[in-house]
Q: 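Below is one structure. I have some questions about it.
Each ligand, and each atom within it, is numbered from 1 in the order the structure gives.
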Amino acid sequence: MARERRRKPIEGTDRRRHERDPRSIQPECKVVKGKVDITHICLALAAICCVVGFSVYFYNLYMQWWLSRRVITPHPSPRILNSNSSSPTVTPEKFWGSYRPQVYFGMKTRSPKSLVTGLMWMQQTELDVHLRHTCEQSDGLPSYGWLMHDGLNFGVQEIRDFGFLLKTEFAKRIGGQHGGDWSWRITGRAENAEHQASLISLLFYVATDGQGMLQPHLEGGTRLAFLTGSTEELGHFQITFQKPWVGENKGPKYASFNHLKAVSPGLHRLTDVVKSSLSNHFIHSPPGGKKKHYFAVDTYQPAPESPGSTPPSENCQVLVHQVTLQLPFQIEVVFESGSFMDRPNQLSGEVLSAVLAQHQTAFEDKFSSIFQLRKKGFSPLQEQFAMAALSNMIGGMGYFYGHSIVQSKYNDQPVLYPEGPLFTAVPARSFFPRGFLWDEGFHQLLVSQWDTAMSQEVIASWLDLMNVEGWIPREQILDNEARSKVPSEFILQRNENANPPTLFLVLEKLIRGLEVASLVQKDELYLRKLLPRLRSWYDWYNTTQAGPLPYTFRWRGRDEDTNMYLNPKTLTSGLDDYPRASHPSSDERHVDLRCWMALASGVMADVCTLLGEPAEEYQRMQQVLSNNVLLEEQHWSEQLNAFADYGNHTQSVVLEREKIYIPPGQPRHHYPSPRLVRAIRKPPKLQYVGALGYVSLFPFLLRVLQPDSPRLETLFRDMRNEKKLWTPYGLRSLSKTSPLYLKYNTEHDGPYWRGPIWININYLAVKALHHYSSTEGPFRQQATDLYQQLRSNLITNIYHQYLETGYIWEQYNDSTGKGQGSYPFTGWSSLVVLMMAEEY
Ligand SMILES: *[C@@H]1O[C@H](CO)[C@@H](O)[C@H](O)[C@H]1NC(C)=O
Ligand SMILES: *[C@@H]1O[C@H](CO)[C@@H](O)[C@H](O)[C@H]1NC(C)=O
Ligand SMILES: *[C@@H]1O[C@H](CO)[C@@H](O)[C@H](O)[C@H]1NC(C)=O
Ligand SMILES: *[C@@H]1O[C@H](CO)[C@@H](O)[C@H](O)[C@H]1NC(C)=O
């Protein structure tokens, strides 16, 4: 995430204008002198001066405009993905999907103004309404997530709410020209006797996003039996809400029905619309049972300020079908596409059961043939855990459409990036339900193992977001729904800011084993389309993030307000608060970025070689950047006995309470309460940054070190040392011996990359150990031992935490192993599946 400061309007352009005018005008005035009519000459000169002056003035205006447009000018090379690549005619099997990772259950199509469908629910209690809709950590659900999801045909999710369990399943059937049909099945049951008679409401909704229309069809005045509708991309369709059953084949279930027809001022307001339309004057009266008041959708009164405030085109038409019934139950929703003429039967009841079972078997077969976990000695339960980890990564994929909000140093105000789509996985459905550039490279390591074509599409989708400079905004907050979840200071993306180019990690994997001689046309075509964008991307890093010495690199965009932070953050590096030079300056060089560039150079060289394009300069870069002598010259600190960043740094910093002088007799509350500010005990100087942790490991993590480098031995010793990086749960991010270990960065900003165990970096460590253990060298045996121990520690702990808490977590505590941070975090923490399978 980017915490950005607003800049003052640019001074550069004005200054340039003043510098240029005299230079271009004065010489002309000097040339002519003499007896001819002085006034004529002066007039002529004045005219020339005016013309030149104006031209310079307008030229500068033009330049200013041109520079300010660059940040939002798309990359000139043809897009990798055709604009119709996600359309139902080109990829019908992927048109519909659970592409709304931010809701517990919902589906949409891969189109800009998609029809959206979803489920909200609530338990009817006397006291309060807890409406579940978007994935919120504050709901505190005991667990939820996909148990199976193949990214194409079906998904099975289990949601545990307090006292009861909901299973949400969907299956698709392709046919016709608009992406075909799908059906949902929601099964509810009590988890204990106490909740046996609980009254639950399910609220199914269908909403348009500014285009299309919906028509409700009621039965008996209140029950929404089905709806018909049409949109540009879906054509005509019908959605049928089946009557509930007690359980499969166990007869009908008594239920109360309500419905709502409303207009919402945007999809991000759906929860509000439903909440504010609830009323509890309804009575549920099952035959022979107790009567009970319950909350249900009634009528929606838009808040007074909303009419007229949103243009009608952005309004969405919403239909809600509410079913209120006691546990247990089963209920189905059937979507049928109008152009699907020859459907053999309706996808519901026993037909649906059969289709789900079929997909399930196919999923299990594919999973075991790809990952082979049983052969590696894992139990059926451990295999199910791995299936859930993979399924949540795949089931968490989203399709987003819209624009980022960006700014360059040439813009006084934030500007809108061009609109476009993004097909991507997300780090966490609850807390980070959107695209993050550096997470995505890790995500696709796993996804590509399951479905290479899907990964290729995701990589292309990200590269298509590139601007003419070769920049890709690192956090993708594309629509109102996404923006409603992000604090405003993080929304703006600046074009100086990088993020680790992890897509090269996946590309490295995708081209591994490809040979020039046997390169199939499909792969060649794909790589050829990628190449111009990859080149620009590489150049962008190579130029904008260059360091002070040749072949060194520096992350831009560090916090500059050194007074407020114990150590100014480097959000762009991905390792937010990992200790760097205490005083950000242009003298810094960052060892992690240098290693990322070594990786990028190698992959670029390989891609170019495969395609018969000039590769020499990338090869040269790769050789220079992996030259271990040069690496040590620039980043090895004898004193620290470790690889390190270099910069203007002092170790002696503390956070202290400000002293505020209050004159005698003055009331204390008239003065601001004293803040924690940074105090410098010893002035900074240019030196290596004393921090041992993930950053120090990068030459090893990205396999820049030669297998016979004596530094490997030192690194291995630090990794295995429990007073430094080793824990029974994985490698901690910062050594216990480091001054900033577990230190708060401000009063309220707790340690993030200063101790806790992160799975993406641990995955890189396991992968690198696997590499050094299978390469000849003096430390091969040490690498092998470490590999086995580290891999086993990570898998054991992540699995146990999952059993204990129901979730996979953002990070793990380095002293207890407990999951912490946001959850479910089935982005890069799901890489545990690859560690289990030993696929690197
Ligand atoms: C998709 O678009 C491309 C060019 O944009 C075109 O060549 C192709 O025929 C289109 N495919 C379909 C199925 O419409
Ligand atoms: C990267 O930048 C350096 C320094 O400007 C330059 O010498 C080198 O050619 C660039 N590398 C590539 C592959 O363009
Ligand atoms: C290091 O930072 C301090 C404080 O900002 C500054 O006074 C000093 O000049 C810097 N040193 C170097 C070598 O840049
Ligand atoms: C890890 O757990 C320990 C013991 O419960 C606690 O003191 C520490 O603050 C935790 N670490 C983090 C980063 O929360």
Q: Give me the ring orientation class for W828 and F442: parallel if the planes are under 30° apart, tilted from 30 to 60°, perpendicular past 60°.
A: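 The arrangement is perpendicular - the two ring planes meet at more than 60°.
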
Q: Can the ring centroids of F716 and F700 be said to lie less than 6.0 angstrom from one another?
A: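 Judged by ring-centre distance (under 6.0 Å), F716 and F700 do meet the cut-off.
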
Q: Identify the closest protein heavy atom to atom 5 (O) of ligand 4: which residue and atom is it, and at what distance?
A: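 Its nearest protein heavy-atom neighbour is T816 CG2, 4.1 Å.
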
Q: Among the heavy atoms of S815, does any lie under 4.0 Å from an atom of ligand 4?
A: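 A heavy atom of S815 does come that close to ligand 4.
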
Q: So is P684 touching ligand 3 or not, going by heavy atoms under 4.0 Å?
A: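 Heavy atoms of P684 do come under 4.0 Å of ligand 3.
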
Q: Just go through V624, T543, N542, L625 and tell me whose heavy atom is the nearest to atom 2 (O) of ligand 2.
A: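 Nearest heavy atom to atom 2 (O) of ligand 2 lies in N542.
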
Q: Note the single closest protein heavy atom to atom 6 (C) of ligand 4, along with its residue, its atom name and the distance in Å.
A: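 Of every protein heavy atom, N813 ND2, 4.2 Å lies nearest to atom 6 (C) of ligand 4.
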
Q: With K569, which of D749, D576, N745 fulfils side chain to side chain donor-acceptor pair (under 3.5 Å)?
A: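 It is D749; the other options fail the test.
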
Q: Output yes when a protein non-hydrogen atom is found under 4.0 Å of atom 9 (O) of ligand 3, and no otherwise.
A: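 Given the 4.0 Å limit, the answer for atom 9 (O) of ligand 3 is no, no protein heavy atom qualifies.
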
Q: Less than 6.0 Å separating the ring centroids of F825 and W809?
A: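 Here the rings of W809 and F825 have centres that are no less than 6.0 Å from each other.
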
Q: At a 4.0 Å threshold, what atoms of ligand 3 neighbour a non-hydrogen atom of N648?
A: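 In order of numbering, the contacting atoms are 1 (C), 2 (O), 3 (C), 8 (C), 10 (C), 11 (N), 12 (C), 14 (O).
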
Q: Starting from the C-alpha separation in whole Å, work towards a yes-or-no answer on side chain to side chain contact (heavy atoms under 4.5 Å, CB included) for S733 and Y752.
A: CA-CA 9 Å; S733 40; Y752 201 45; over 6 Å; no

Q: Would you say that more than 12 heavy atoms from the other residues, nucleotides or ligands in this model lie under 6.0 Å from the CZ of R657, or not?
A: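 Buried by this count: over 12 neighbours within 6.0 Å.
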
Q: Start with the C-alpha gap between Y618 and Y538, add the side-chain angles, then the distance that decides, and say whether ring-ring contact (aromatic ring centres under 6.0 Å, His included) holds.
A: CA-CA 10 Å; Y618 295 117; Y538 181 96; 5.1 Å; yes

Q: Relative to the heavy atoms of D587, which atoms of ligand 3 are at a distance of less than 4.0 Å?
A: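 Ligand 3 atoms under the 4.0 Å threshold to D587: 14 (O).
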
Q: With a 6.0 Å cut-off on the ring centroids, do F504 and W537 count as close?
A: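 Between W537 and F504, which both carry aromatic rings, the centre distance is below 6.0 Å.
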
Q: Considering both backbone and side-chain atoms of Y551, is one of its nitrogen or oxygen atoms within less than 3.5 Å of a nitrogen or oxygen in ligand 2?
A: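 There is no such contact.
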
Q: Looking only at distance, does D814 have an N or O less than 3.5 Å from an N or O of ligand 4?
A: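 No; every N/O pair is 3.5 Å or more apart.
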
Q: Pick one: which of F553, F698, Y541, W555 meets ring pair (Phe, Tyr, Trp, His ring centres under 6.0 Å) with W596?
A: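 The single option meeting the ring pair (Phe, Tyr, Trp, His ring centres under 6.0 Å) with W596 is F698.
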
Q: Please could you name the atoms of ligand 4 that L742 approaches to less than 4.0 Å, counting only its heavy atoms?
A: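 Numbered from 1, ligand 4 contributes 13 (C).
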
Q: Mind checking whether Y812 and Y729 have ring centres under 6.0 Å apart?
A: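 No: the rings miss the under 6.0 Å criterion.
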
Q: Relative to the heavy atoms of R620, which atoms of ligand 2 are at a distance of less than 4.0 Å?
A: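 Ligand 2 atoms under the 4.0 Å threshold to R620: 7 (O), 9 (O).
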
Q: Rounded to the nearest 0.5 Å, how far apart are CD of Q545 and CG of N499?
A: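 Between Q545 CD and N499 CG, I get 10.0 Å after rounding to 0.5 Å.
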
Q: At less than 4.0 angstrom from any non-hydrogen atom of Y618, what atoms of ligand 2 do you find?
A: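 Close to Y618: 13 (C).
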
Q: Numbering the atoms of ligand 3 from 1, which are under 4.0 Å from a heavy atom of H583?
A: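 Answer, ordered by atom number: 4 (C), 5 (O).
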
Q: Can you list the ligand 3 atoms lying under 4.0 Å from a non-hydrogen atom of L686?
A: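 It comes down to these atoms of ligand 3: 13 (C).
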
Q: Heavy-atom distances under 4.0 Å are what count here, so tell me which part of Q820 touches ligand 4: side chain, backbone, both or neither.
A: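 Looking at Q820 and ligand 4, just side chain atoms fall under 4.0 Å.
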
Q: Looking at atom 13 (C) of ligand 2, is any protein heavy atom nearer than 4.0 Å to it?
A: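 Given the 4.0 Å cut-off, atom 13 (C) of ligand 2 counts as touching protein heavy atoms.
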
